[in-house]
Number of protein chains: 2
Amino acid sequence: MSKSVAADQIAAVREFNRFYTRHLGVLAQHLMDSPYSLTEARVLFELAHRETPLAKEIGASLGLDAGYLSRIVQSFADSGLVKRTPSPSDRRQHLLALTAKGRAAYADLERRSERDMGTMLASVQEAERPRLTAAMATIERLLGDHPAAPPILRSPRPGDIGWVVQSHGAIYAAEYGFDASFEALVAEIAGAFLAKHDPGRERCWIAEHDGMQAGSLFLVRDSDQVAKLRLLLVTPQARGHRLGDKLLNEAVGFARQCGYRKVTLWTQSILIAARRLYQSAGFELVGSEPHRSFGQNLIGETWELRL
Amino acid sequence: MSKSVAADQIAAVREFNRFYTRHLGVLAQHLMDSPYSLTEARVLFELAHRETPLAKEIGASLGLDAGYLSRIVQSFADSGLVKRTPSPSDRRQHLLALTAKGRAAYADLERRSERDMGTMLASVQEAERPRLTAAMATIERLLGDHPAAPPILRSPRPGDIGWVVQSHGAIYAAEYGFDASFEALVAEIAGAFLAKHDPGRERCWIAEHDGMQAGSLFLVRDSDQVAKLRLLLVTPQARGHRLGDKLLNEAVGFARQCGYRKVTLWTQSILIAARRLYQSAGFELVGSEPHRSFGQNLIGETWELRL
DNA sequence: GTAAATAGTTGCATTTGGCAAGTATTATTT
DNA sequence: AAATAATACTTGCCAAATGCAACTATTTAC
């Protein structure tokens, strides 16, 4: 949580709220040829999806006034959609249950809504639909109180090596002004790894966060005794979740398991977040020298970890 | 557009609709300490953001009943927020304009809403916020009926070469079952281009559609007289917009302008969409031979175009 | 020139939904 | 154990929100 929020982010969220308000308004109109109002439909949904629905729960969940809700439930009871039985544990409240007729009404509404949604989704390119649902899931996670899916590490899948090149190229250009030669170097390293590596002693990990690629790390053979780490990256969006630690631990563990005696790596002094990670993982700085690469004056550093 | 939509996608969208309905409901309650209802606030927004607002436009855009809107505008006029002047071009309609008082009221509402949104956003991790707004932008793009920005061709930017590798890797794996060696080959080709190419006679184009990378094509020197096309791709999401044509025309035009006498390319017989493109651009098949690559049995084809 | 369509207004009615007082019950305090 | 407070709902009351249809003035289409 931080206090100040960028104005353009606020503007973007407000714009989306306006957009989705309009969008939901259109959907609500489709509901119009059903006998239920939007609020009634929402209540019906809650009734259908709870084991033992209680009015107060539904009211709290939908943010409805108790009096208003009471009337809605009553109208449902009058038309035979719900049955109310006094709760044995607390005689102030009533256990609500959809009757067969109520379930049928709900199913009908459901069908209708699914059909409408289907036609709406049909106007979205098929290949884009997973993107749409992923974006929706992201919003729900961020605005809801859902716990984030724990980040995972996995082996690269088709496209992931390209993603490594892309993200290195884009991020280092944006954050440090590296020029295209850096992206070219990453392409060469990553491509060479993909073309030919010893799966028993060399490996690449992709960190995934929220279903998206969020980081990378490669461990390759330098000599029989020495492994080398390359291309450690965590995307800006995924920082702060200790993905770097995770990647590093996994790689060092693998190196140990492979029988390497030492892990080495080359990095730049300006990459302070990475340096901190190496340090806390037990790596030691064993040498540094200035060089000009990627359009920048840099100080290259070599770090080592004895296993 | 495709007919059948997966049930789980429909369910995901409906779930999101419920979620966001609740979310917007919470936001609307915050509005309650302002003198305006949600609908009035929306109308005020439209009034403030149009050059020459007309009632019918606002009504259409917000999906409001004409009678209802008329009354809202009237109430705004009564309280001195808007001024109505008969339109000179069509005397049935009135030109609406916020008065100074109206602008002040809007600004106040704006401030209020920004503050509320700010506190809401403050509960989202700072690093996550760009992800939130990106997801919102995605949804707006996919569900909005924005006239898709006309596709454009441009030079690669940082990350784009990596994107070429990624998209080739992912798409050929999914559509033709190519294995990792293909992605590795693309990484090598694209990386080599980036590392060293003659900008005067070699070039890469990225097709952009809807603000996203949507295709690629490289033209490189084969000999002084002969140029070679490589890595033509249009993403599945962007197909059907003649991006392939566009890329090909651009590249052939460039080759001509560079003084090449011939353009050649190597492709696979199974890539029928690409073949059709080459054919219609005037290329001729000059040779073909079976080979085993990328984990598949393929028939490689060489095509040529005399300039 | 006439019919049809459009932009907006107005009257009428319904629906939506908030608020407060009221009832029965349960929980908490002394 | 009695008194008090809180809870779960109900009910009456009311105002705001909003849909619908008829109506006027004007423009467009045939």
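Rounded to whole Å, atom P of C/dG18 lies 8 Å from atom CG of A/Leu64. One atom, CZ of A/Arg42, and another, P of C/dT16, lie 13 Å apart when rounded to the nearest Å. Rounded to whole angstrom, the span from the CG atom of B/Leu69 across to the C1' atom of C/dG8 amounts to 9 Å. The separation between B/Ile58 atom CD1 and C/dA7 atom P is 14 Å, rounded to whole Å. Whole-Å rounding puts the B/Gln93 CD to D/dT26 P distance at 13 Å. Rounded to a whole Å, the CZ atom of B/Arg91 is 15 Å from the C1' atom of C/dT6. Spacing between atom CG of B/Asp65 and atom P of D/dT18 amounts to 10 Å, rounded to whole angstrom units. Between B/Lys56 atom NZ and C/dA7 atom P the separation is 4 Å, expressed in whole Å.
Relative orientation of the B/Phe254 and B/Trp205 rings is perpendicular, given thresholds of 30° and 60° on the angle between their planes. Taking the six-membered ring for Trp and thresholds of 30 and 60 degrees, A/His209 and A/His241 have ring planes inclined between 30 and 60 degrees apart. Between B/Tyr36 and B/Phe76, the ring-plane angle classifies as perpendicular under the 30° and 60° cut-offs. Aromatic ring pairs are classed by plane angle as parallel below 30°, tilted from 30° to 60° and perpendicular above 60°; the pair B/His23 and B/Tyr20 is tilted.
An OP1 or OP2 oxygen of C/dT10 is reached within less than 4.0 angstrom by a side-chain nitrogen or oxygen of B/Gln74. For A/Arg84, a side-chain nitrogen or oxygen approaches OP1 or OP2 of D/dT10 to under 4.0 Å. Distances shown here put every side-chain N or O of B/Ser70 at or beyond 4.0 Å from the OP1 or OP2 atom of C/dT10. Of the side-chain N and O atoms in A/Ser37, none sit less than 4.0 angstrom from OP1 or OP2 of C/dT15.
Among the protein residues, B/Ser87 comes within range of no part of the nucleic acid, since none of its heavy atoms lies under 4.0 Å from any strand. Counting non-hydrogen atoms under 4.0 angstrom, B/Asp90 reaches the backbone sugars and phosphates but no base. Here B/Ala66 lies in heavy-atom contact (under 4.0 Å) with a base.
Of the candidates D/dG12, D/dA8, C/dG17, D/dA8 carries the atom nearest the A/Arg92 side chain, counting heavy atoms from C-beta on. The side chain of B/Arg71 lies closest to D/dC20, out of C/dT25, C/dA7, D/dC20.
When the nearest nucleotides of DNA chain C are assigned to A/Ser89 and A/Gly63 by heavy-atom distance, the more 5′-ward of the two goes with A/Gly63.
Judged by distance alone, the side chain of A/Ser123 and the main-chain N or O of A/Thr119 form no donor-acceptor pair under 3.5 Å. In terms of modelled atom types and a separation under 3.5 Å, the side chain of B/Asn17 and the main chain of B/Arg14 share no donor-acceptor contact. The backbone N or O of A/Ser75 sits less than 3.5 Å from a side-chain atom of A/Ser79, completing a donor-acceptor pair.
Overall, the helix from C/dG1-D/dC30 to C/dT30-D/dA1 carries an axis bend of 30° between its ends, with five pairs at each end and the value rounded to 10°.
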Report the C-alpha distance between A/Gln166 and B/Asp160 in whole Å, list the side-chain angles of each, state the deciding distance to 0.1 Å, and finish with yes or no for side-chain hydrogen bond (donor to acceptor under 3.5 Å, both in side chains). CA-CA 6 Å; A/Gln166 172 184 23; B/Asp160 279 343; 5.7 Å; no

